[in-house]
Amino acid sequence: MPEIVTMGEALIDLTQTAEDSGHIRHYAAFPGGAPANVAVAAARLGAKAAFIGKVGRDAFGASIRETLTRNQVDVSGLYESGKDLTTLAVVSVDAAGERSFAFYRTPGADTQLTREEAVQAIEAYEERPIFLHFGSVSLTAEPARSATLEAARRARELGILLSYDPNYRANLWPDQETAVARMKEPLSLCHVLKVAEEELELLTGIRDLEAGTRSLYEKYGTPLIVATLGEGGSFYRLGTSTGQVPAQTVQVADTNGAGDTFLGGLLSRLVRCGGLEGLTPEKLERELDFANRAAALTCTRPGAIPAMPVLDEVTGGKEEAAP
């Protein structure tokens, strides 16, 4: 039975891999989508993971299913749409390895997950998972938005911890005001919140990490808030305790999937801790260092899922899978 269930978009990242002498860009079709990426990262790093979502009844959808299965992710909650195609995200990469996105989703199959499907999948697991993770891309369109919120509420009723990543993709929203309002909706439900620096400022209007995370904690009571800082590592707020854990310096090939690897790695280690109960800043910093190292390794290789490390790569085979 899964320990970590992720829910939301599974899509194809058409990722730029090269640009030839004629300035023609070359792309490869990598299965991806942030929640699917998190599931694979968690599975590769030692956790039992599952995915809930919807893909098209097409070659890309079949590729996503095969990739998840090959990476030991339970796909019993992966539905197929007979009329909508699998979403495509075209990922272009600049000289520094930073990404830009263009989505082909009119609508994509990922937006067509229904409340009945999502809740049914949550309730079908014979044993209760420890975490349900989802992101804000699922909140951009109906019926997936209602499905995500309803499944999150049901999971919380069942005693499952909720992890949320308000990953902002401007071109999926009609305007920033709508995006911020929708992205805030699940905050009162979640136990773990992962944000990038710019998303923290977007949600709070505060640039300072200490003050911004304090604002979220005081308003929503989120037990654990983690801000990813790229080369700066990660900042955390565990209740009233805060700290920062440095990143590992690597030669960057592609940052695609780094944040998802970080989160999958962190959740996989929190599972080994038994969730959040009894988590101390000292324990958390150890697990954040693990997640930082996993994310750094992802950056050294192209693609998202293909670049994600396995446990021994992160630990060097020198430490136990469980802390």
Side-chain angles (χ1 to χ4, degrees), residues 1-11 31-58 61-84 86-87 108-139 141-165 185-186 189-192 260 263-264 267-268 270-272 274-276 305:
M1 288 294 104
E3 299 162 316
I4 300 167
V5 177
T6 72
M7 176 176 60
E9 72 277 10
L11 46 78
N37 291 343
V38 171
V40 171
R44 286 193 177 182
L45 295 171
K48 297 176 182 177
F51 176 75
I52 297 170
K54 184 173 280 191
V55 295
R57 194 170 295 157
D58 51 33
S63 175
I64 289 169
R65 181 180 296 275
E66 188 276 332
T67 298
L68 292 173
T69 301
R70 177 162 36 83
N71 283 280
Q72 307 302 312
V73 175
D74 179 337
V75 292
S76 59
L78 180 59
Y79 299 91
E80 288 185 355
S81 171
K83 62 184 181 69
D84 299 301
T86 301
T87 295
D110 67 292
T111 68
Q112 301 306 298
L113 183 71
T114 67
R115 286 187 292 182
E116 293 76 17
E117 290 168 335
V119 172
Q120 180 184 44
I122 289 291
E123 295 178 340
Y125 300 116
E126 294 180 5
E127 296 179 17
R128 187 185 74 194
I130 296 175
F131 284 103
L132 171 66
H133 169 73
F134 61 98
S136 62
V137 170
S138 299
L139 307 178
E142 293 287 3
R145 176 178 166 271
S146 294
T148 301
L149 294 173
E150 185 65 24
R153 295 186 190 103
R154 180 59 181 142
R156 189 172 174 114
E157 289 172 358
L158 293 171
I160 299 170
L161 298 174
L162 298 181
S163 165
Y164 174 50
D165 180 2
E185 282 189 71
L189 295 172
C190 66
H191 301 88
V192 177
D260 301 328
L263 186 51
L267 293 178
S268 75
L270 292 178
V271 161
R272 300 301 182 264
L276 300 181
I305 287 176

Is there a donor-acceptor contact under 3.5 Å from the side chain of [X] to the main chain of [Y]?
X      : Y      : value
Thr114 : Glu117 : yes
Arg156 : Leu162 : no
Ser146 : Pro143 : no
Thr6   : His133 : no
Asn71  : Val73  : no
Gln112 : Ala109 : no

[atom1] of [X] to [atom2] of [Y]: how many Å apart, nearest 0.5 Å?
X      : Y      : atom1 : atom2 : result
Leu132 : Ile4   : CG    : CD1   : 11.0 Å
His191 : Leu276 : NE2   : CG    : 7.5 Å
Arg115 : Arg154 : CZ    : CZ    : 14.5 Å
Glu123 : Arg128 : CD    : CZ    : 14.0 Å
Glu126 : Met1   : CD    : CE    : 4.5 Å
Thr86  : Ile64  : OG1   : CD1   : 5.0 Å

Heavy-atom pair with the smallest gap, counting every atom of [X] and [Y]:
X      : Y      : value
Cys190 : Tyr164 : CB-CB, 3.9 Å
Ala42  : Ser268 : O-CB, 4.1 Å
Asn37  : Gly32  : OD1-CA, 3.3 Å
Ala118 : Leu113 : CB-CD2, 4.0 Å
Ala49  : Pro2   : C-CB, 4.1 Å
Arg44  : Ile305 : NH1-O, 3.0 Å

A side-chain contact here means heavy atoms from C-beta on lying under 4.5 Å apart; do [X] and [Y] qualify?
X      : Y      : result
Tyr79  : Gln120 : yes
Phe131 : Val5   : no
Ile122 : Leu158 : yes
Pro35  : Phe51  : yes
Leu78  : Arg65  : yes
Thr148 : Met7   : yes
Ser163 : Leu267 : yes
Asp110 : Ser138 : no

I'd like to know if Arg145 pairs up with Glu185 as an ion pair, taking the criterion as any Lys NZ or Arg NE/NH1/NH2 lying under 4.0 Å from an Asp or Glu carboxylate oxygen. yes
State whether Glu80 and Arg57 are salt-bridged, where the test is any N-O pair (Lys NZ or Arg NE/NH1/NH2 against Asp/Glu carboxylate O) under 4.0 Å. yes
Please determine whether side chain to side chain contact (heavy atoms under 4.5 Å, CB included) holds for the pair Asp84 and Thr111, giving the CA-CA distance in whole Å, both sets of side-chain angles, and the decisive distance to 0.1 Å. CA-CA 9 Å; Asp84 299 301; Thr111 68; over 6 Å; no
Have Thr69 and Glu66 got a donor and an acceptor in their side chains that come within less than 3.5 Å? no
